[in-house]
Amino acid sequence: MNELEERWRSYWEERGIFRYDPSRGREETFVVDTPPPTVSGVLHIGHCYSFTQTDLMVRYRRMQGDNIFYPMGWDDNGLPTERRVQNMFNVRCDPSLPYEGDDLELARGAEGDAKPISRRKFILLCDTVIAEDERAFKTLFQRLALSCDWDQTYTTINDRSRFVSQLSFLHLIEKGEAELRDAPTMWDIDFQSAIAQAEVEDRQKEGAFYKVRFGLEGGDSVVIATTRPELIPACIALAAHPDDDRYKSLIGATAVTPLFAASVPIVADEGADPEKGTGILMICTFGDAADVEWWRELGVPAREIIGRDGRIKPAPWGRGQWESNDPERAAQQHAKLVGLTVNQARREIVAALEAESLIEGEPEKVRRPVKFYEKGDRPLEFVVTRQWFVKILDKKEVLLQQGRKVAWHPHSMSKRYEDWVEGLNQDWCVSRQRYFGVPIPVWYRLRADGTTDHAELILPRKEDLPVDPSAEPPRGFRPEQRGEPGGFVGDPDIFDTWGTSALTPLIPSGWPDDEKRHQALYPGDLRPQAHDIIRTWAFYTITRSYLEDGSIPWKNAAISGFILDPDRKKMSKSKGNVVVPTATLDEFGSDAVRYWAASGRLGWDAAWDPKVLKDGKRLTTKLVNAARLVYGYQGDPGEVASPLDRALIGRLRATIARVTERWDAWEHQNALALTETWFWSDFCDNYLELSKGRAYAADASAIATLRTAMDAVLRLFAPIVPYMTEEIWQSVAGKPDSIHVARWPTAEELPATEDDGCFDAAVAVLTQVRRAKSRAQVSMRFPVELLRVSGPESQLGSLKLVIDDVLDTGNIANYELVADGGAEALTAETHLGQPDAQ
RNA sequence: GGGCGGUUAGCUCAGCGGUAGAGCACUGCGCUUACAACGCAGGGGUCGGCGGUUCGAACCCGUCACCGCCCACCA
């Protein structure tokens with residue numbers, strides 16, 4: 001950080017310029033639900049972009065007089081931290097191990113196999129890593145001049161967050177909105193955890209359609225198409241479209257699976273697409289979400305063959321469990337598959353089918369979407385497990401309504417929210433089989449025979465939260481009763497990281513006990529976030545607020561775009577195209593980076609373009625140079641009286657009104673452009689030149705105008721380039737307080753003057769004089785012997801008012817004004833004189 | 001397959017009913033008492049195509065084409 005930045009950063013901190021004032025009420029307070037960045041090691045330039053965009057609005061609101069509540073949060077809860085610890089220390093968490101003690105030192109980057117460590121030790125390491133990262137993040141954000149109140153910082157794993165997360169979940173249980181289900185759930189076989197719909201993405205994968213012949217009871221046969229022949233042992237039915245003439249006669253008949261000889265019904269279903277494959281398909285437990293639905297409708301027992309590790313499980317063919325016409329053969333066939341991965345099993349089954357000529361023709365290559373956990377490497381499987389779900393499918397309509405109560409910026413982003421809600425097809429699975437997160441605050445009663453009674457929940461009292469059921473016994477039980485018949489067992493799982501993140505509006509608000517604070521801070525004003533997490537963070541937050549008390553969490557959602565690399569590709573570590581902010585900040589400075597962020601509009605992805613940073617740097621240089629000139633003039637300000645001065649202030653008044661309008665419309669990029677154009681063109685290029693003569697002569701009107709205009713334009717720039725505007729405001733202009741708590745400029749605070757056309761007249765003539773000198777290849781101070789201006793009477797009248805300023809600026813000796821009734825604009829003839837004698 | 005957004009000067013974008021704009025890049029000139037990491041002047045565009053509405057369309061409507069993103073039950 002350079003000297004200027006460091007000086008003002010300390011000044012702002014010492015003076016508490018950005019501190020929240022709890023004594024002021026909700027109406028005057030602007031509350032930001034800051035996105036807690038995932039503490040995963042590195043911030044990239046995209047973070048600077050979006051966090052700055054939030055800070056722009058915050059600073060604008062502060063100058064409008066709002067009491068700002070802008071906390072920072074660190075999202076340290078969850079998988080990214082676990083992964084980081086695993087890699088950094090080369091360890092893995094083994095919850096069965098006892099705690100090793102505090103003194104165990106682990107070398108970073110140790111060689112060899114990952115060392116197993118206890119859950120408590122693992123969490124301790126997570127805490128250490130987080131603390132380091134949080135320090136680094138804070139330094140960067142402070143350097144960027146994010147005007148947070150750092151006293152309000154929270155983390156998503158701290159006691160307060162765990163308390164809020166657990167309490168809110170207990171409310172959901174009370175209301176019957178959260179329930180434990182033993183059901184097929186999307187499962188990542190590598191992470192060994194359940195996954196929610198929002199964390200799933202489709203990836204196009206190569207596959208092949210195998211056409212497999214099934215027998216029919218009565219001797220005939222039918223050919224189905226499948227990309228997953230390994231699921232034949234899990235087949236529970238065949239389905240065809242009810243209107244498909246080819247299969248109409250088979251509806252209600254019974255088919256027999258190849259190799260496993262299981263009798264399965266043939267059913268009609270609208271969901272079967274006659275165009276796909278052979279038009280008739282097999283329903284398995286479970287190939288995909290559709291299978292799960294079909295299985296529920298059929299009401300038959302599942303035949304689950306894929307285990308949590310993604311490998312084929314043993315199956316109880318015969319013995320009255322899994323029906324088969326030839327249980328021995330089925331068992332024999334199945335035994336060959338046990339322990340194989342899905343892909344291995346597929347090859348095995350295809351070979352067996354081919355050996356019996358049960359595959360028709362060549363497998364047809366297809367590309368089709370396959371579901372993956374967004375952070376995972378292998379396809380998801382549907383596995384029956386016991387998980388906690390929050391009921392959302394029955395609330396689609398009301399969640400759409402809640403979404404419409406939020407103002408989305410840009411508005412088109414609301415469509416993404418609505419599309420997501422309308423497309424929901426699963427309740428929210430909130431339990432995760434991970435370690436570093438908020439524990440699910442539930443114990444279960446053990447029956448006398450030692451089995452778990454999942455219907456007998458033991459819930460903690462509010463005053464005991466947060467709890468860790470895997471470490472603490474519930475009230476009324478002794479630790480020794482854990483796992484004993486008649487005793488208890490703790491829920492081993494943690495919440496989905498969104499389960500806690502969805503409550504970020506409640507974490508710093510003091511909910512539910514500090515009612516006064518909560519009333520002042522909830523619902524919030526602004527949720528800034530990127531568009532990729534509308535379906536998770538925005539959706540879950542709206543959902544949890546609704547479930548908690550029917551409220552919406554905030555009034556506005558400002559959606560920022562991504563920064564792409566110059567080829568418009570997403571930045572990612574693996575591609576090596578990530579731009580690291582520190583180098584950019586070193587090279588261009590924070591103000592320039594903020595200028596760059598301000599030039600991009602909300603919701604729009606932008607390609608990384610360092611040229612804009614140069615523009616930002618250029619602007620701050622221009623600002624300080626202009627200010628040195630303006631505040632350097634000697635003389636006392638008087639009334640804004642001269643025609644040119646009155647016109648300039650009139651134009652500034654109009655600019656302030658338009659700029660303010662753009663800020664209120666969440667268009668910081670247009671606010672910046674309008675401010676910059678006025679400053680650069682009207683003020684610097686034209687007014688500063690036209691006023692020099694009078695200003696050097698200490699003309700009271702010119703001095704007043706220069707200072708008034710500069711004071712206003714500095715404030716217009718203050719949210720965007722906070723360091724340089726503060727430097728000028730205090731060090732150059734000598735103002736006593738921070739510009740960042742100065743009031744936003746208004747047209748009303750300025751002298752009530754208007755632009756009556758004389759400014760344009762002066763500029764029109766001046767431009768033509770400059771052009772003449774440029775063509776004659778002489779300097780701009782070269783003397784003009786005679787200036788003859790012709791044009792319409794009214795414009796000549798305007799020009800007459802400011803002619804002295806024009807003559808002085810152009811170094812013009814004599815002039816003539818010639819009325820030309822037919823002309824529309826002023827035309828200037830410039831007769832150059834002789835160079836000034838030295 | 002459904003939806004959303006985009007297509008304006010070589011590049012990045014603004015304008016969204018009234019005679020085409022900015023910055024960068026390019027050309028020429030200038031060290032003029034704020035600024036050469038600067039200033040001044042200038043060249044450059046049938047505003048994706050085709051229809052329509054209108055006195056008038058980059059801007060409104062329809063349609064097509066491409067680009068990006070979001071979503072979609074993997075048979």
Side-chain angles (χ1 to χ4, degrees), chain A residues 201-205 207 209-210 212 224-229 231 235 238-240 269 271-273 276-284 287-294 366-372 379-382 410 412-420 422-423 425 531-532 534-535 561-562 564 566 568 570 599-601 603-607 609 611-612 614-615 617-619 621-633 667 669-670 672-674 676-677 680-681 684-685 688-689 692 696 766-782 809-811:
Chain A
E201 65 182 27
D202 284 356
R203 294 181 199 163
Q204 293 295 324
K205 288 286 168 186
F209 256 137
Y210 296 90
V212 181
I224 61 110
T226 180
T227 55
R228 300 197 62 179
L231 290 175
C235 177
L238 300 187
D269 194 283
D273 182 355
K276 252 188 189 170
T278 58
I280 184 163
L281 61 98
M282 65 172 183
I283 300 173
C284 306
D288 58 32
D291 280 342
V292 176
E293 236 168 81
W294 276 319
V366 286
R367 272 184 81 78
R368 81 272 189 242
V370 179
K371 292 206 175 307
F372 283 76
L380 291 173
E381 296 294 347
F382 280 82
S412 59
M413 286 297 170
S414 68
K415 188 77 174 118
R416 288 216 192 164
Y417 173 84
E418 297 196 355
D419 284 352
W420 177 254
E422 280 165 2
N425 57 32
H531 50 61
D532 59 329
I534 289 175
R535 72 184 197 174
F562 285 156
L564 310 172
R568 301 202 85 87
K570 236 181 184 171
S599 68
R601 72 204 241 184
W604 287 52
D605 295 349
D609 181 9
K611 274 189 292 195
V612 182
K614 284 192 192 166
D615 293 345
K617 209 169 174 183
R618 214 168 61 102
L619 172 68
T621 305
K622 189 81 173 175
L623 269 171
V624 74
N625 282 324
R628 281 183 187 139
L629 176 70
V630 167
Y631 297 111
Y633 284 129
E667 293 176 16
Q669 80 287 355
N670 284 332
L672 168 60
L674 287 170
E676 206 180 1
T677 300
W680 213 284
S681 173
C684 291
D685 290 349
L688 285 186
E689 296 305 325
K692 267 180 189 169
Y696 277 112
L766 183 60
T767 299
Q768 292 178 70
V769 171
R770 283 167 170 167
R771 186 181 302 147
K773 291 181 179 179
S774 182
R775 289 201 175 137
Q777 304 189 6
V778 298
S779 101
M780 290 299 136
R781 284 303 296 169
F782 197 91
T809 307
N811 197 12

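The basis for the numbers below is simple: all heavy atoms, side chains too, and nothing from hydrogens, waters or symmetry mates. Values in this document were obtained by computation on a predicted structure and should not be read as measured data. Lettering of chains follows the sequences in order, A, B, ..., and the numbering in each one begins at 1.
If you find the closest nucleotide of RNA chain B to A:Lys617 and to A:Ala607, the one lying nearer the 5' end belongs to A:Ala607. The 5' end of RNA chain B is approached more closely, in terms of each residue's nearest nucleotide, by A:Ser412 than by the other of A:Ser412 and A:Ala776.
A donor-acceptor distance shorter than 3.5 angstrom exists from the side chain of A:Asp605 to the backbone of A:Phe562, with no hydrogens or angles considered. No side-chain donor-acceptor contact under 3.5 Å links A:Ser774 to the backbone of A:Arg770. Under a 3.5 Å cut-off, the side chain of A:Lys773 and the backbone N or O of A:Met780 do form a donor-acceptor pair. Side chain of A:Asp269 to main chain of A:Ala239: no donor-acceptor pair is present (N/O by atom type, distance under 3.5 Å, no hydrogens or angles). Judged by distance alone, the side chain of A:Thr809 and the main-chain N or O of A:Glu689 form a donor-acceptor pair under 3.5 Å.
Phosphate proximity of B:C38 to A:Asn625: absent, as no side-chain N or O sits under 4.0 Å from OP1 or OP2. Remark: A:Arg535 is in phosphate contact with B:C71, judged by side-chain N or O atoms under 4.0 Å from OP1 or OP2. An OP1 or OP2 oxygen of B:A14 is reached within less than 4.0 angstrom by a side-chain nitrogen or oxygen of A:Arg601. Contact annotation: A:Trp680 side-chain N/O to B:A22 OP1/OP2 distance is not under 4.0 Å. The shortest distance between the side-chain N/O atoms of A:Lys611 and the OP1/OP2 oxygens of B:C11 is not below 4.0 Å. Between A:Arg618 and B:C24 there is a side-chain polar atom (N or O) within less than 4.0 angstrom of OP1 or OP2. The side chain of A:Lys692 places no N or O atom within less than 4.0 Å of a non-bridging phosphate oxygen (OP1 or OP2) of B:U32. Dashed line: the shortest gap from a side-chain N or O of A:Asn425 to OP1 or OP2 of B:C73 is under 4.0 Å. At B:G42, one or more side-chain N or O atoms of A:Arg771 fall inside 4.0 Å of OP1 or OP2 (strictly under the cut-off). For A:Lys276 and B:C74, the shortest distance from a side-chain N or O to OP1 or OP2 is below 4.0 Å.
Using a 4.0 Å heavy-atom cutoff across all strands shown, A:Ala225 reaches sugar-phosphate atoms only and no base atom. Within 4.0 Å (heavy atoms only), A:Trp604 reaches sugar-phosphate atoms of the nucleic acid but no base atom. A:Asp685 comes within 4.0 angstrom of the backbone, heavy atoms only, and of no base. Counting any heavy atom pair closer than 4.0 Å across all strands shown, A:Cys684 reaches a base atom. Residue contacts shown for A:Thr621 are absent, as no nucleic acid heavy atom lies under 4.0 Å away. A:Asp202 comes within 4.0 angstrom of a nucleotide base, judged by non-hydrogen atoms across all strands. Residue A:Leu380 is classed as a base contact, given a heavy-atom separation below 4.0 Å to a base. Heavy atoms of A:Ala627 sit nowhere under 4.0 angstrom from any nucleic acid atom. Note on A:Glu689: a base of the nucleic acid sits closer than 4.0 angstrom, heavy atoms only. Residue A:Gly277 is out of contact with every strand shown, counting any heavy-atom pair closer than 4.0 Å. At the heavy-atom level, A:Lys415 lies under 4.0 Å from the strands shown only through sugar-phosphate atoms. Looking at heavy-atom distances under 4.0 Å, A:Asp288 makes contact with a base. A:Ile224 comes within 4.0 angstrom of nothing in the nucleic acid, heavy atoms only. Contacts of A:Thr677 with the nucleic acid, taken as non-hydrogen atoms under 4.0 Å apart, are absent.
For the P atoms, the distance linking B:G48 with B:G15 amounts to 15 Å, nearest Å. Rounded to a whole angstrom, the distance from the C1' atom of B:G5 to that of B:G45 is 24 Å. Of the C1' atoms belonging to B:G39 and B:U32, the separation is 9 Å, rounded to the nearest Å. Going from the C1' atom of B:C35 to that of B:A20 covers 31 Å, rounded to whole Å. For the P atoms, the distance linking B:C4 with B:C60 amounts to 16 Å, nearest Å. B:C50 and B:C11 have their C1' atoms separated by 29 Å, given to the nearest Å. When the C1' atom is used for both B:C38 and B:C24, the distance is 16 Å, rounded to whole Å. To the nearest whole angstrom, the two C1' atoms, one in B:U12 and one in B:U7, are 14 Å apart.
Each of B:C74, B:A41, B:G39 was ranked by its minimum atom distance to the side chain of A:Lys622; first place goes to B:G39. If you check B:G15, B:C29, B:C11 against the side chain of A:Gln777, the one that comes closest is B:C29. The side chain of A:Ser774 lies closest to B:A41, out of B:A41, B:C38, B:U32. With B:C29, B:U32, B:C71 as the choices, the nucleotide that has an atom nearest any side-chain atom of A:Trp420 turns out to be B:C71. Of the candidates B:A72, B:C74, B:C4, the closest approach to any side-chain atom of A:Gln204 belongs to B:A72.
Between A:Glu422 and A:Arg535, no side-chain nitrogen of the basic residue sits less than 4.0 Å from a carboxylate oxygen of the acidic one, so the salt-bridge criterion is not met. Taking a cutoff of 4.0 Å between a charged side-chain nitrogen and a carboxylate oxygen, A:Lys371 and A:Asp288 do not qualify as a salt bridge. With respect to A:Asp615 and A:Lys611, no salt bridge is recorded, no charged nitrogen being found less than 4.0 Å from a carboxylate O.
Going from atom CZ of A:Phe562 over to atom C1' of B:C69 covers 10 Å, rounded to whole Å. The CG-P distance, from A:Asp419 to B:C70, rounds to 12 Å in whole Å.
Between A:Leu238 and A:Ile283 there is no side-chain heavy-atom pair separated by less than 4.5 Å.
Atom CD of A:Glu418 is surrounded by more than 12 heavy atoms from other residues, nucleotides or ligands within 6.0 Å.
Counting only Watson-Crick and G-U wobble pairs whose two distances sit under 3.5 Å, RNA chain B takes part in these stems of three or more pairs: B:1-7 with B:65-71, B:10-13 with B:21-24, B:26-30 with B:38-42, B:48-52 with B:60-64.
Annotation: the span from A:Leu231 atom CG to A:Arg228 atom CZ amounts to 4.5 Å, rounded to 0.5 Å.
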